Amino acid sequence: MLRLGTTGSALPAIAEDRNSFHASQTPPPVPPRAWNRPAQRIFGLGPSILSQHDIPPAYSQFDSTGVEGPHGEKLSDVRKKGFNNNKHIAKRGGWKRLALLAFFVVLCIIGLAIGLFVGLRHRKKSSSIIESTPTGGASGIVNTVSNNPAINTIFPAGSYRIQTVLSAVTTNCTSNSATWMCYPYTTFAQNPKSSNATFDWIISNVEGTDTYTISSTPNIFSIQFANVALSFMNSGTDQEHYFFSTPLDKPTRPTTKLGDDNTASQCNFPNTNLQGALYTRMAKTPSNGDSGMPFAPWPYAVKIEQIAGSGAGSPTCTDASGNSVGDFSVATAGEFCDCVYINTES
């Protein structure tokens, strides 16, 4: 049998990196010294400036007077100036301009509040005296308004709401009764609840005299007049009253067909008079609708009339294009059309 022999020396150990442990080893390189190493450490001048045995300096109040910013500015100056050097504020003129802007904003708010308050107060009152040519009719709204109603005045001066009913209608001035119309188009006899008509009028004293004038306000009748003189009549009797009369044009819009075509027509009565009697002693019929600020109820009886006389060219009726739809005049003189409004039972 063959037997393996042993050698005089043991086999060398094999390292994992394939180098023998007995091979010569090169020492690792020494790293270079740090450039910022303290001089005491480099030259062996002794321990560092601050060692664990040194006592730290006593605490004191921080003084920023000597501290400088990145651009050389003093920290104390920056703290003193505060926002005064703020770039955003500096661009806009500084605190003075900002304060001025805030002042104007507050002023605008106060002005708006005052304007709103005054506007709401005046909205409840009538304004601007009517100075246009007197016109009148059975329908339509007047866009002008009478001036501030007279208040704190001596009777009869004041602003009055006169509640009436349509008492009677006469159509003798026209050959077609449909052309003459009286708001609200229903008499008291036909329907008491549908015959109401309201007039808001203002009576003013002529300065320096004992005379008065009367003016209208917006109304469904399209009646406009201003500063018409009032006459005092039948003084001391039961028929004592203030009377006025003013000419006007009365437009109407008939609801029935007038021409050959089935189109809307409009008529005009140029020779119309509005007249009124405001009694100062005669009692009126009480009404639940008399009150209405700033207008006070007229305390006595009234009679208001729209009167148009017959004659050639009255009325004139046209279609929407302005073409005549017929001649409805009455040649006989002395015939009248009338709308009568009263606030009494008779």
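Sequence positions, counted from 1, serve as the residue numbers for this chain. It should be emphasised that the depicted structure is a prediction, and the values quoted were computed from it without experimental measurement. Any value given below was found using the heavy atoms of this structure, including those in side chains, with hydrogens, waters and symmetry copies removed.
- Proximity of a side-chain donor or acceptor of Ser215 to a complementary backbone N or O of Ile202 within less than 3.5 Å is not detected.
- For Tyr242 and Tyr279, the distance between ring centers is not under 6.0 angstrom.
- Judged by distance alone, with hydrogens and angles left aside, the side-chain atoms of Ser321 form no donor-acceptor pair with the main-chain N or O of Asn323 at under 3.5 Å.
- In this structure, Asp200 pairs ionically with Arg161, as a charged nitrogen and a carboxylate oxygen lie closer than 4.0 Å.
- Side-chain contact of Asp327 with Ser329: a donor-acceptor pair under 3.5 Å is present, judged by distance alone.
- Under the 3.5 Å distance criterion, the side-chain polar atoms of Asn234 are left unmatched by any main-chain donor or acceptor of Asp238.
- Just one of Val228, Asn273, Leu274 meets the side chain to side chain contact (heavy atoms under 4.5 Å, CB included) condition when paired with Ser245; it is Asn273.
- The CZ atom of Phe336 sits 11.0 Å away from the CH2 atom of Trp180 when rounded to the nearest 0.5 Å.
- For an aromatic pair to be called close, the ring centres must be under 6.0 Å apart, and Phe225 with Phe244 satisfies this.
- For the 3.5 Å distance criterion, the side chains of Thr164 and Asn343 fail to qualify, holding no donor opposite an acceptor.
- Thr179 and Thr174 are linked by a side-chain donor-acceptor pair at a separation below 3.5 angstrom, with hydrogens and angles left out of the test.
- For the pair Glu335 (side chain) and Thr332 (backbone), a donor-acceptor distance under 3.5 Å is absent.
- Side-chain contact, Gln306 with Thr272: no donor N or O sits under 3.5 Å from an acceptor N or O.
- Asn196 places no side-chain N or O within 3.5 Å of a backbone atom of Pro184 that could act as its donor or acceptor partner.
- With ring centers used as reference points, Phe155 lies under 6.0 Å from Trp298.
- With contacts defined as side-chain heavy-atom distances shorter than 4.5 Å, the pair Ile223/Leu248 qualifies.
- To the nearest 0.5 Å, the span separating CG on Leu258 from CG on Asn176 amounts to 5.5 Å.
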